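Report on the structure given below.
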Number of protein chains: 2
Amino acid sequence: MNQTTLQSSIAQISKTSDEDIALLVSCAVARKLKKGEPLLKEGDLCRSFYLVEKGYLRTWYNKNGVPINLSFTFEGHFISNLKSFKSRQPSDLTIEAGEPSVVWIFDLNTMAATYKAHPAITLFVRRLAIRVLLASEEHSSLFKMYTPAERYHYIEKNNPQLLQRISLSQLASYLGVTRETLSRIRAKSN
Amino acid sequence: MNQTTLQSSIAQISKTSDEDIALLVSCAVARKLKKGEPLLKEGDLCRSFYLVEKGYLRTWYNKNGVPINLSFTFEGHFISNLKSFKSRQPSDLTIEAGEPSVVWIFDLNTMAATYKAHPAITLFVRRLAIRVLLASEEHSSLFKMYTPAERYHYIEKNNPQLLQRISLSQLASYLGVTRETLSRIRAKSN
DNA sequence: ATTGACCTGTGACAATCGTCACAATCGCAC
DNA sequence: GTGCGATTGTGACGATTGTCACAGGTCAAT
């Protein structure tokens, strides 16, 4: 398994010594996922961070039987469910592969047992938590600041890779509209 | 100035020794605010956390000349603009007193200068950051999970003090609707 | 008591969105 | 090529919301 992405992704969060990076690398476990295979299911307790090496992860929840997407996490980025993580409550979210993927799993239970008070690890985890929460907040601000059409054009401008890798049906729920409405928003753009 | 609220609010975030709490207390500066007086203005760089001792703080941003409320922070709770804080970018939010208030200000510039590598302070700040971000995420989930009417009923059930202390006009923008729509939602509840 | 500022409710109308139904297109296995 | 499933576009209709306008109520200062 190639650890280049792993090392540079860790270094991006916490600019620390090579030894500390090696220590963090040793905490990560790689896993292959088929499309649709879950890392975290609704009802599970989240105790891990996930780093995407290849493919992407889709985070969604179940609203009256309908899946609603909250985030798509691509290569080199981390995801977790901090709410479940911090409150130690069962997750109401599911995190699963959106296509055949490879991820690195940082399990906090094993990390804490092995390197309990190691400052590099605790610092890394807290920085990562803040990073993940700020990324989630950016998505939230879409809903608070923009109308559905404005949200789509924001993505079109600021995150065009989403349009290339995600189906429009998946994107619709991410933008908080039905796929029909998204289709009409796109029709008016021409 | 009464420091009881200050001490217990700090202890709630970081369960640490009395000395560390005393250290953190010494970092806080009290300030009185008139209604509408701002602590953080749009364009400012946010370098502080605010703890409400009395009254409440209203966090809002300007959408095409219209103020949109993002949060109301009451006695014993903290607020900040983490996005500006972490990215060191000018704030697009304003934090101001919603009624005559007393707040404790934790200025990170002065704290960092005095106690740079003190573990109790850095731990406290990071925990606080995560706490504030998770609180913000709870408000965000209202928008992603519920319709406007469901949002109002959620507040009615889970945060009734908001209805008692905030005018309906202020609440409307917090729920992402106009005051007329909120008025109609309330009318249908009877 | 009167004024004026602010808040809340409500009616009329237009715009937007969701729902349901069905057609068109695309990709892929056979 | 053929067939099938998944995806996307579109039309019709109802429900919800925003906008604009105005009425009534509350409260504090004069």
Side-chain angles (χ1 to χ4, degrees), chain A residues 34-37 55-56 58 60-70 72 96-100 142-156 160-190, chain B residues 34-37 55-56 58 60-69 72 96-101 142-156 160-190:
Chain A
K34 297 174 193 169
K35 175 173 177 174
E37 198 174 348
Y56 73 86
R58 180 169 75 95
W60 59 277
Y61 73 93
N62 185 314
K63 182 178 181 176
N64 308 329
V66 182
I68 305 289
N69 295 322
L70 290 179
F72 302 98
E96 65 177 47
E99 49 183 59
L142 276 182
F143 283 75
K144 296 175 188 169
M145 298 183 59
Y146 302 133
T147 64
E150 287 170 339
R151 286 173 218 161
Y152 173 74
H153 293 124
Y154 180 91
I155 296 297
E156 214 175 12
Q161 80 154 333
L162 214 53
L163 299 178
Q164 293 165 350
R165 296 190 61 176
I166 305 293
S167 77
L168 292 173
S169 307
Q170 297 288 352
L171 185 65
S173 80
Y174 179 80
L175 297 178
V177 295
T178 60
R179 55 170 203 82
E180 292 93 334
T181 298
L182 178 56
S183 178
R184 284 170 192 130
I185 289 170
R186 285 163 53 83
K188 285 185 184 171
S189 298
N190 305 335
Chain B
K34 298 173 193 167
K35 176 174 177 173
E37 198 175 348
Y56 73 87
R58 180 170 74 97
W60 59 277
Y61 72 93
N62 185 313
K63 181 177 181 177
N64 308 328
V66 182
I68 305 287
N69 295 322
F72 301 98
E96 66 177 47
E99 47 183 60
S101 302
L142 276 182
F143 283 76
K144 296 175 188 169
M145 298 183 59
Y146 301 135
T147 65
E150 289 170 338
R151 287 173 216 158
Y152 173 73
H153 294 125
Y154 181 90
I155 296 297
E156 215 175 10
Q161 81 154 333
L162 214 54
L163 299 178
Q164 294 165 350
R165 296 190 60 175
I166 305 293
S167 77
L168 292 173
S169 307
Q170 297 288 351
L171 184 66
S173 81
Y174 179 79
L175 297 178
V177 295
T178 61
R179 56 169 201 82
E180 292 92 336
T181 297
L182 178 55
S183 179
R184 284 171 195 130
I185 289 171
R186 286 163 53 82
K188 284 184 186 172
S189 297
N190 307 333

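Proteins come first, then strands; the chains are lettered A, B, ... in the order of their sequence lines, and each starts at number 1. All figures in this text were calculated on a predicted structure; none of them were measured in a lab.
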When every non-hydrogen atom of A:Trp60 is compared with those of A:Pro67, the smallest separation belongs to CE3-CB, 3.7 Å
Between [atom2] of [N] and [atom1] of [X], the distance in whole Å:
| X | N | atom1 | atom2 | result |
| --- | --- | --- | --- | --- |
| A:Ile166 | D:dT8 | CD1 | P | 11 Å |
| A:Leu175 | D:dT8 | CG | P | 13 Å |
| A:Asn64 | C:dG18 | CG | P | 15 Å |
| B:Glu150 | D:dT16 | CD | C1' | 13 Å |
| B:Leu163 | C:dT8 | CG | C1' | 14 Å |
| B:Lys188 | D:dA15 | NZ | P | 10 Å |
| B:Gln170 | C:dC7 | CD | P | 7 Å |
| A:Tyr146 | D:dG18 | OH | C1' | 20 Å |

_With a 3.5 Å cut-off and heavy atoms only, can you find an N or O donor on one side and an acceptor on the other between the side chain of A:Arg179 and the base of D:dG9?_
yes
**Report entry** Base C:dC17 to side chain A:Glu180, donor-acceptor N/O within 3.5 Å cut-off
**Finding:** no
Carefully, step by step, assess B:Ile155 and B:Leu142 under the rule side-chain contact (heavy atoms from CB on, under 4.5 Å).
-> CA-CA 9 Å; B:Ile155 296 297; B:Leu142 276 182; 4.0 Å; yes
Does a side-chain N or O from [X] land closer than 4.0 Å to OP1 or OP2 of [N], or not?
| X | N | result |
| --- | --- | --- |
| B:Ser169 | C:dC7 | no |
| A:Arg184 | C:dC17 | no |
| A:Ser167 | D:dT7 | no |
| B:Thr181 | D:dT17 | no |

Do the side chains of B:Tyr174 and B:Ile166 get nearer than 4.5 Å, heavy atoms only?
no
query = Looking at side-chain heavy atoms only, is the closest gap between A:Tyr152 and A:Leu163 below 4.5 Å?
reply = yes
### Message
Is it true that, when you exclude B:Lys63 itself, more than 12 heavy atoms of the residues, nucleotides or ligands shown sit nearer than 6.0 Å to its NZ?
### Response
yes
